[in-house]
Each structure stands twice: as C-alpha cells, then as structure tokens.
2 protein chains.
Amino acid sequence: MRTPLTADMFDELCPTPLSPIRVGDKWAGMIIRCLEDGPRRFSELRVPLRDITPKSLTHSLRALEQRGLVSRNEQPRSVEYALTPLGRSLLEPLNAACAWAEEHWDELVDAHEAAYQETRHTA
Amino acid sequence: MRTPLTADMFDELCPTPLSPIRVGDKWAGMIIRCLEDGPRRFSELRVPLRDITPKSLTHSLRALEQRGLVSRNEQPRSVEYALTPLGRSLLEPLNAACAWAEEHWDELVDAHEAAYQETRHTA
DNA sequence: AAGGGAGGTATCCCCTTGGATACCGTGAAC
DNA sequence: GTTCACGGTATCCAAGGGGATACCTCCCTT
C-alpha cells in the first residue's frame, strides 16, 4: 500500500462520470478514493486529479474537513491529508455506488446515447 | 402500497440534507423514493417536495428520464412517472447511502456544528 | 543570498443550479 | 361557452461551482 497515485487512475474505467450518485462536490469522491490506502500530501493528490487547480483542491479538502471526513495534519515540511474513521466508513456505501454503476454500465451508456441522439434529432 | 404521499415525509428524519452522498440533482433522490411504491403523477409528486416549482420538478424528471431511471407514461387525462428497472435497482445503493447517514447521524451533526462554531469564531 | 519546492491565496470570469413569478394549451365538467 | 384542473413553459434573477492565471510565504538547500 501507499503506492504512488497515477495520473490515469480516473481516466477510463472509473464509473464516476456516468453514475448518478455523487459524494459532495465534483472531486470529493475521487479524493476519498485516493486516501483509501493512507495519508497523502497536497501535491500528491494533484497527480491523479489531473488538471485540478490548487484552488479547487483546497476548496474540496476544506469541505471534506468540515464534514469530518478528512483530517489535515500539518507538519514542519509537509501537510498530510487522511481519512477520518467517519470518512473511512463512507467507503462502504461509496463502493456500493461504484459497484452499481459498473454493474449497469451498459444501460447507463445506452440511456446516455439515446438521450444524445434525441437531442440531435430534435435540433 | 400506493398510499398518498405526505407533505412532511422529507421533513425531520430524512438524512438527505446532511449526507454527503447525492443522487443526481437536488431533488432526484427524493423523487426516486417517492416512486418506490408505484407510479405517481406530476401533481402528486409536488406534495412531498413541498415548495418545488413546476419548472424544477420538470427539469429533474427530464434528467431522470434521460438517464433511464424514470419512465414517463402519458395518458389521456394524466401523466404518470414510474421507476424503470434500472431506476429501481438504484434503490439498493441509495438505501445503503441513507443507512450510512442515519448510522452516523450524530457524527455528521457534530462535524457540522463544529464547522459552524469555527466560522462564527473566526468572524 | 538565491533558488526552488510545498502548500497554498487572490482575482477574474463564465456557466450551471435553482428559485420566483407569470403565463399557456388541452380536455373534461358545469 | 366558460371555468377548472392538469401538466407543464417562459422569463428573469441570485448564488454557487469551478476553471485560468498570477502571486505569495515559509523553509530548505546550495
């Protein structure tokens, strides 16, 4: 564990974009996933979230802190973010949501494409 | 089943507002719950959602339709909305999310109040 | 003393979300 | 033939989410 976070970990197979279920703001769900294996540093979190601006990351992390899901541990040479026990307990329903999205992936894609076609047809 | 929807069904005990987990937009989760026991009509759905404007309800329902979660059945004298099988399958992770929120209700409230106090103190 | 990395802030700006209010079209029902 | 409920639209508006860019402070290294 504590393997480096990769830049492509949310690229292809992650069901997040098509799933109707969301945790907090745009980034919160992914951040929680990133912290699953242990504490991470600010700059470390920016890697898998690609082009996230520091402002957005700060904002999301503060919101997660306020909800008691993430802790901020400031040390001499770095800042480490980690899941609180409450945040870790959230992994269970979050995983259930992701599993649902993966399980119904085809239907979600079909519905999305059908809606898109209809839009084009109407226009 | 098919008992009338009450105006207060989302008032007190519903964990939605404090839960970090959301389904679609502001109303989607509650709409899905409302359809759990069978099809409902537009005006019927407005009751439990209190002050929802027709515009907002229309918008949310259209979005749920596009995602394939809700079906719209137009009949001579009424329009009925119902869960699709896909929509119904979403109840499982949705219930998991609600159960989580209820289970950690106290912690959620504590975190929320602590954040509020801190805001007041800072200001 | 200067450079550099970590962890942010400060501004600006656009787009979306969602509420308020008002209006509309259709088909019973009176 | 007008009124009424149903199922919406149309328009306007305020607040918030989120990206782009630039800047800053602290501390360590060289």
Side-chain angles (χ1 to χ4, degrees), chain A residues 4-5 7 10 16-18 20-32 34-35 39-67 70-82 112 115 118-119 122-123, chain B residues 4-5 7 10 16-17 19-32 34-35 39-67 70-82 112 115-116 119 122-123:
Chain A
L5 302 174
F10 292 120
T16 306
L18 273 186
I21 302 182
R22 280 185 54 177
V23 178
D25 64 17
K26 178 176 178 182
W27 304 104
M30 293 183 253
I31 291 173
I32 289 175
C34 290
L35 297 177
R40 301 284 184 178
R41 301 169 63 165
F42 189 86
S43 48
E44 208 173 353
L45 286 172
R46 292 191 66 187
V47 176
L49 304 180
R50 288 302 188 104
D51 296 330
I52 191 174
T53 62
K55 172 191 155 188
S56 294
L57 182 52
T58 300
H59 185 79
S60 293
L61 286 170
R62 294 280 186 275
L64 287 168
E65 253 191 284
Q66 290 204 344
R67 284 186 174 281
V70 161
S71 66
R72 181 176 187 278
N73 186 6
E74 194 162 355
Q75 280 161 338
R77 294 288 295 140
S78 71
V79 181
E80 283 203 327
Y81 294 93
H112 183 261
E118 200 168 319
T119 303
T122 305
Chain B
L5 302 174
F10 293 120
T16 305
S19 172
I21 301 184
R22 279 184 55 178
V23 177
D25 64 17
K26 178 176 178 181
W27 303 104
M30 291 182 254
I31 291 173
I32 289 175
C34 290
L35 297 177
R40 300 285 184 180
R41 300 169 62 165
F42 189 87
S43 49
E44 209 173 351
L45 286 172
R46 292 191 65 186
V47 175
L49 304 179
R50 289 301 187 101
D51 296 328
I52 191 173
T53 63
K55 172 192 154 187
S56 294
L57 183 52
T58 300
H59 186 79
S60 293
L61 286 170
R62 295 280 186 275
L64 288 168
E65 253 192 285
Q66 290 204 342
R67 284 186 174 281
V70 162
S71 66
R72 181 178 187 276
N73 186 8
E74 194 162 356
Q75 279 160 342
R77 294 289 294 141
S78 72
V79 180
E80 284 203 328
Y81 294 92
H112 183 260
Y116 177 69
T119 303
T122 304

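Every chain is numbered from 1, with letters handed out A, B, ... down the list of sequences. All heavy atoms count here, side chains included; hydrogens, waters and symmetry mates do not.
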Pair up each side-chain donor or acceptor in residues 54-64 of chain B with any protein partner under 3.5 Å, not counting sequence neighbours, and list the distances.
| from | atom 1 | to | atom 2 | distance (Å) |
| --- | --- | --- | --- | --- |
| S56(B) | OG | T53(B) | OG1 | 3.1 |
| T58(B) | OG1 | P54(B) | O | 2.8 |
| S60(B) | OG | D25(B) | OD1 | 3.4 |
| S60(B) | OG | D25(B) | OD2 | 2.8 |
| S60(B) | OG | S56(B) | O | 3.2 |

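- Heavy atoms of R72(B) sit under 4.0 angstrom from primed sugar atoms or phosphate atoms, though from no base atom.
- For dA6(C), the OP1/OP2 oxygens have no side-chain nitrogen or oxygen of R40(A) closer than 4.0 Å.
- For Q75(A), there are no side chain to side chain donor-acceptor pair (under 3.5 Å) partners, not counting sequence neighbours.
- Applying the salt bridge (Lys or Arg N to Asp or Glu O under 4.0 Å) test to R41(A) and every residue at least two apart in sequence or in another chain returns nothing.
- No side-chain donor-acceptor contact under 3.5 Å links R72(A) to the backbone of V79(A).
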Please tabulate, one pair per line, each protein N/O and nucleotide N/O from nucleotides 23-27 of chain C that are separated by under 3.5 Å, including the distance.
none

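- For the pair E74(B) CD and dG7(D) P, the computed distance is 10 Å after rounding to whole Å.
- Side-chain atoms of I31(B) and L49(B), non-hydrogen and from C-beta on, do get closer than 4.5 Å to each other.
- For the OP1/OP2 pair of dA6(C) and a distance below 4.0 Å, the side-chain nitrogens and oxygens of Y81(A) include no atom meeting the criterion.
- In this structure, the salt bridge (Lys or Arg N to Asp or Glu O under 4.0 Å) partners of E44(A), at least two apart in sequence or on a different chain, are R2(A), R40(A).
- Within the 4.5 Å cutoff, side-chain heavy atoms of C34(B) are placed close to those of F10(B).
- Between the C1' atom of dG17(D) and the CG atom of L64(A) lies a distance of 15 Å, rounded to the nearest Å.
- The listed nucleotides are dA6(C), dG7(D), dT9(C); the one nearest the side chain of R41(A) is dA6(C).
- One finds no side-chain N or O of T58(A) lying less than 4.0 angstrom from the OP1 or OP2 phosphate oxygen of dG8(C).
- Among the nucleotides dG8(D), dA6(C), dG8(C), the one closest to the side chain of V79(A) is dG8(C).
- Put simply, CZ on R46(B) is 14 Å from P on dA5(D), counting in whole angstrom units.
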Sugar-phosphate or base contact per nucleotide [nucleotides 13-21 of chain C; S, B, -; heavy atom under 4.0 Å]: -----BBB-
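- The nearest whole Å value for the distance from the CD atom in Q75(B) to the P atom in dG8(D) is 13 Å.
- Straight-line distance from the CD atom of E44(A) to the P atom of dG8(C): 13 Å, rounded to whole Å.
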